[in-house]
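Below: the structure, in C-alpha cells.
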Amino acid sequence: MGLQAIKGFNDILPAEMNTWQWVENVFRQLLSSYNYGEIRLPLLEYTELFSRSIGDDTDIVEKEMYTFHDRSNRSLTLRPEGTASVVRAFIQHGMAATGNINKLYYLGPMFRYERPQKGRYRQFYQLGAEVFGEEDYHQDAEILIMLARYFHVLGVGSAKLNLNSLGCKHCRPAYRQALQDYLQRHGEYLCGDCQRRMQKNPLRVLDCKRPDCRKVVAEVPKILDYLGVDCQAHFDGVIRLLDEVGIDYHVNPFMVRGLDYYTRTTFEFIAGDLGAQNAVAAGGRYDRLVEELGGKPTPAIGFAIGMERLAMLVDSDSVPVSAPFIYLAALGESALNILYPLRHKLNQAGVGAVLNYRQKSLKNLMKKADRNNVVYTLIAGDQEIEQGAAILRNMKTKEQQTIPLNTLFTNIREVFDGHQNN
RNA sequence: GUGGGUAUAGCUCAGUUGGUUAGAGUGCAGGAUUGUGGCUCCUGAGGUCGAGGGUUCGAAUCCCUCUACCCACCCCA
C-alpha cells in the first residue's frame, strides 16, 4: 500500500453515498417541515469554546480533541461536536434579540481522536438540531416525536428511546450531594476510574459498565426522586405527550451524558446490531449553556445523530434507486455526432442520459445499457441514420419503435414524462 | 492509551507436513451470436502473497521486527 487516508478518516464512496443522500434528504425535508432552518458552521473554532461548553473534565476535552496552534499561535480545535458552535453563532449574531424561537439544524463532519472501531471514527458525520428560546416541555416532546418519526420513515424504528432528567441548577446540587454521600460510604467497591469520578463528576459513576460498580449503582439514590416541582412537572409533561402519541421509551435514571452542559431532559436512541457503539442519536436540554458562554439566559435543547451508525442501520433495499433513464447507443461517428448534443439537451432537461464515446459493438453497448439499469435505450447506427431515424427500445418489455431524428428530444421527453407519472 | 484478530487478483476468499508455473468465485475485456442486454459456455488480462529481515537447496506457508486494517476495553454520535 502506498498513500493511504489518515487512520479513522474514511472515504465515503458513491455506492454508500446513495444511502447517505437519502438519509440526508429525508432529514432536511422533515426538519424544514417543522420549521427548522439550516445553519452551516466552521469546522475550526477557538479551543476555548469547547473546553468551556463541553466541560474541562470530560473525556472529549481531556484527550479526544484535535487541537493545534495556527500561525499566529492561537489554539484552534477541529470541532468534536456541533452544539457548541451553534450556541456560539446564536450569541454572535444576536439571534436572541428578536425574541423569536430559533430552530436550527446542521449536518457535517466532527472530529475526535479516539481509537477507531465499528461505528466510531476520527472524522464522523452528524445530523443535528438545536432549539433556542423555548422552555416548554412540548418542545422536548416535539424533538423526540420528530426523531421517532424520522427513524420510522427510514425503516430503523427498532432504535430504542432511553429517557432521563438531570434536573436543573436548583435540584441537581442536592442530588449530587446525596449521590456523593452514598458513594463515599460504598466507595471501596468502585473501580479506580469511579473512585476518581466520585470526586470530580459523580454522575459519571452511574453509567460505568463494570459489574462491581453496577452493583453499587443499583442501590444508589435516583435523580428522579430529587427533582424539584418544576423539573418533575416538565418531565411528566414530556412523558405524557410521548404516551399520547404512542412512542415507546424507557426511563433510565442511570443514563448520563458525556457532556457537562445538559439539564433536565436527556435522551439516547439505542440500536441493536450496531456493536459496542450503539447510540444512534442522543441529546438533551441545556438551559444554562447560552448564558455560560456569555449570552442572555436562553433555554435550549438539541440532539445529534451519528450518520455512519444510522447508515449502517438502513437497509439498502429501502433506499430509492436513482438509475439513469436512457442509454444512448451510438454506433459509428455520424451517430455520435447526433447523440452527443442530444445527451446534453436531455441531461439539462433533467432526463438522466448516458452516452459512451468509445466505438464499440452494439452488443457491448447493450451490455453497458443493461449494467446502467436504464429504462430505455436509444439505438442509432448507420442504417437508422441513413433513414433519418433511430430505434427506441424499452429494456423491460423489449418493445422497439422507430422515431425520426428531428423529433428525438421531444419524443424521449414525452416517454420520460409518461414514465414519471406512473 | 490497553487487549485480541486479520493482511494472497478491483472485490469476497481458498492455498495440504515448506516443493518447482499461487488458485476459485465475482467483476472487467473479447468471443460463441458479422447490429440487440440479462441466462449459458469458451478465452483473456489482472498478484512486489502488507513491508523489512532471518532460517532453508527451496518460504504465501516457519521465526523476528514494523505497518495498516478490524473488533473489543474505554468513551461516545
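Here is the naming used below: chain letters follow the sequence lines, and residue numbers restart at 1 for every chain. Just the heavy atoms: all of them, side chains too, but no hydrogens, waters or symmetry mates, feed the values below.
Ranking G35(B), A68(B), C76(B) by closeness to the Gln4(A) side chain, first place goes to A68(B). Minimum atom distance to the side chain of Lys7(A) is reached by C69(B), of the listed G37(B), C76(B), C69(B). Counting only heavy atoms from C-beta on, Lys398(A) has its side chain closest to G38(B) among G35(B), G38(B), C74(B).
Cation-pi geometry between Arg288(A) and Tyr261(A) is not met: the NZ or CZ atom fails to fall both under 6.0 Å from the ring centre and inside 45° of the normal.
Taking the ring centroids of Phe303(A) and Phe269(A), they lie at or beyond the 6.0 Å cut-off. Checked against the 6.0 Å centroid threshold, Phe9(A) and Tyr121(A) do not count as a close aromatic pair. Annotation: Tyr226(A) is in aromatic contact with Tyr175(A) [ring centroid separation under 6.0 Å].
Between Lys368(A) and U36(B) there is no side-chain N or O to OP1 or OP2 distance below 4.0 Å. Taking side-chain N and O atoms only, Lys360(A) has a distance below 4.0 Å to OP1 or OP2 of G30(B). Contact annotation: Lys118(A) side-chain N/O to C70(B) OP1/OP2 distance is not under 4.0 Å. OP1 or OP2 of G37(B) has not a single side-chain nitrogen or oxygen of Asn364(A) nearer than 4.0 Å. Residue Gln117(A) has a polar side-chain atom (N or O) positioned under 4.0 Å from OP1 or OP2 of A72(B).
A 3.5 Å limit on both hydrogen-bonding distances identifies U67(B) as the Watson-Crick or G-U partner of A7(B).
No donor-acceptor distance shorter than 3.5 angstrom exists from the side chain of Asp370(A) to the backbone of Met366(A), with no hydrogens or angles considered.
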Treat primed atoms plus P, OP1 and OP2 as sugar-phosphate and everything else as base, then score nucleotides 1-10 of chain B 5' to 3': B for base contact with protein heavy atoms under 4.0 Å, S for sugar-phosphate contact only, - for none.
BBB-------
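Glu24(A) and Gln21(A) form no side-chain donor-acceptor contact under 3.5 Å, judged by distance and modelled atom types alone.
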